[in-house]
Amino acid sequence: QVQLVESGGGLVQTGGSLRLSCAASGRTFSNYGMGWFRQAPGKEREFVAAIRWSNVHYADSVKGRFTISRDNAKNTEYLQMNSLKLEDTAVYYCGAVLYGSPRYYNDYTRELTYEYWGQGTQVTVSS
């Protein structure tokens with residue numbers, strides 16, 4: 001199993017920046033594709049970004065503002081969020097899927113693709 005712990009959330013004004021981290025333990029981190037999702041109050045969890053090997057993917061709503069990255073030596077995934085908007089307010093979750101597993105071949109934007117999840121970190125953007 002992989003254990004994931006998110007951190008870095010907080011309160012920020014519109015236009016500000018935050019960097020989220022997702023620390024992994026339990027298995028070889030480099031063997032997993034990683035993703036970020038978010039869930040706003042009253043809404044379904046939605047895809048934000050994914051990183052598979054060296055390929056990165058973003059939701060249209062965050063493209064150009066958010067950057068996903070990973071440091072396999074530190075077993076950590078990051079989400080750099082710039083130019084934050086009110087609508088970015090949500091709980092942010094990181095997910096992991098083992099490369100080559102049946103789930104891995106599913107759409108990386110789907111929540112069900114990811115087998116392991118962290119507990120989430122709250123991001124609140126205020127005006």
Side-chain angles (χ1 to χ4, degrees):
Q1 270 196 336
V2 174
Q3 290 79 43
L4 302 174
V5 179
E6 301 96 336
S7 62
L11 176 64
V12 63
Q13 290 188 324
T14 53
S17 298
L18 282 174
R19 187 176 82 155
L20 305 183
S21 299
C22 173
S25 62
R27 296 288 185 181
T28 304
F29 179 66
S30 59
N31 289 343
Y32 290 81
M34 302 297 296
W36 285 98
F37 284 68
R38 66 187 181 186
Q39 187 167 18
K43 295 188 177 181
E44 293 185 353
R45 193 173 297 192
E46 66 174 3
F47 169 74
V48 174
I51 184 166
R52 295 182 160 203
W53 303 108
S54 59
N55 298 314
V56 297
H57 310 275
Y58 298 97
D60 288 343
S61 59
V62 306
K63 202 171 293 183
R65 300 188 298 121
F66 291 10
T67 302
I68 188 172
S69 62
R70 65 189 298 163
D71 186 337
N72 289 337
K74 295 183 177 180
N75 294 337
T76 303
E77 175 196 32
Y78 303 98
L79 186 69
Q80 177 66 45
M81 305 187 297
N82 299 329
S83 303
L84 282 162
K85 304 176 180 181
L86 293 175
E87 53 264 40
D88 295 319
T89 295
V91 178
Y92 284 70
Y93 299 89
C94 64
V97 59
L98 181 66
Y99 288 137
S101 68
R103 287 175 183 253
Y104 173 72
Y105 296 101
N106 292 334
D107 184 347
Y108 58 78
T109 68
R110 294 186 63 198
E111 184 181 352
L112 292 176
T113 296
Y114 299 84
E115 185 171 5
Y116 304 103
W117 291 94
Q119 82 291 346
T121 185
Q122 176 71 49
V123 171
T124 302
V125 184
S126 66
S127 58

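Heavy atoms only: backbone and side chains are in, while hydrogens, waters and symmetry mates are out.
A heavy-atom distance below 4.5 Å is not found between the side chains of V12 and T124. The closest side-chain heavy-atom distance from S17 to M81 is not below 4.5 Å. F66 is not listed as a side-chain neighbour of Q80, based on a closest heavy-atom distance of 4.5 Å or more. Side-chain atoms of V56 and Y58, non-hydrogen and from C-beta on, do get closer than 4.5 Å to each other. In this structure the side chain of M34 reaches within 4.5 angstrom of the side chain of C22, judged on heavy atoms. Proximity of Y78 to L20: side-chain heavy atoms (C-beta onward) are nowhere separated by under 4.5 Å. Residues F37 and E46 fail the side-chain proximity criterion, which asks for heavy atoms closer than 4.5 Å.
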Can you give me every donor-acceptor pair (side chain of residues 84-101, partner residue at least two apart or in another chain, under 3.5 Å) with its distance?
unit_1: D88; atom_1: OD1; unit_2: R38; atom_2: NH1; d: 2.8
unit_1: D88; atom_1: OD1; unit_2: R65; atom_2: NH2; d: 3.0
unit_1: D88; atom_1: OD2; unit_2: R65; atom_2: NH1; d: 2.7
unit_1: D88; atom_1: OD2; unit_2: R65; atom_2: NH2; d: 3.4
unit_1: D88; atom_1: OD2; unit_2: K85; atom_2: N; d: 2.7
unit_1: T89; atom_1: OG1; unit_2: L86; atom_2: O; d: 3.0
unit_1: T89; atom_1: OG1; unit_2: V125; atom_2: N; d: 2.9
unit_1: T89; atom_1: OG1; unit_2: V125; atom_2: O; d: 3.4
unit_1: Y92; atom_1: OH; unit_2: R38; atom_2: NH1; d: 2.9
unit_1: Y92; atom_1: OH; unit_2: D88; atom_2: O; d: 2.6
unit_1: Y99; atom_1: OH; unit_2: W53; atom_2: N; d: 2.6
unit_1: Y99; atom_1: OH; unit_2: R70; atom_2: NH1; d: 3.4
unit_1: S101; atom_1: OG; unit_2: L98; atom_2: O; d: 2.8
unit_1: S101; atom_1: OG; unit_2: Y104; atom_2: N; d: 3.4

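Placement of Y114 and V62 in two distinct hydrophobic clusters is found when ILVMFWY residues are connected by side-chain heavy-atom separations under 4.5 Å, directly or transitively.
The line from OG of S126 to CG of L11 is 4.5 Å long, rounded to the nearest 0.5 Å. The CG atom of N82 sits 6.5 Å away from atom OG1 of T67, with the distance rounded to the nearest 0.5 Å. Rounding to the nearest 0.5 angstrom, the gap separating the CD atom in E77 from the CD1 atom in I51 is 7.5 Å. To the nearest 0.5 Å, the span separating CD on E111 from CG on N106 amounts to 12.5 Å.
Looking at S21, its side chain never comes within 3.5 Å of a backbone N or O of S7 through a donor-acceptor pair. Without hydrogens or angle criteria, E6 side chain to Q119 main chain gives a donor-acceptor distance under 3.5 Å. Between the side chain of Y116 and the main chain of A24, no donor-acceptor pair closer than 3.5 Å is present.
Under the rule for a side-chain hydrogen bond (donor to acceptor under 3.5 Å, both in side chains), N75 has no partner lying at least two apart in sequence or in another chain.
Counting heavy atoms of neighbouring residues, nucleotides and ligands inside a 6.0 Å radius, atom CZ of R103 exceeds 12 of them. Residue K43 places its NZ atom among 12 or fewer non-hydrogen atoms of other residues, nucleotides or ligands, all under 6.0 Å distant. At most 12 non-hydrogen atoms from other residues, nucleotides or ligands lie less than 6.0 angstrom from CZ of R27.
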Test side chain to side chain donor-acceptor pair (under 3.5 Å) on D71 and T76 and set out the steps. CA-CA 5 Å; D71 186 337; T76 303; over 6 Å; no

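Here Y108 and F47 bring their ring centres to under 6.0 angstrom of each other.
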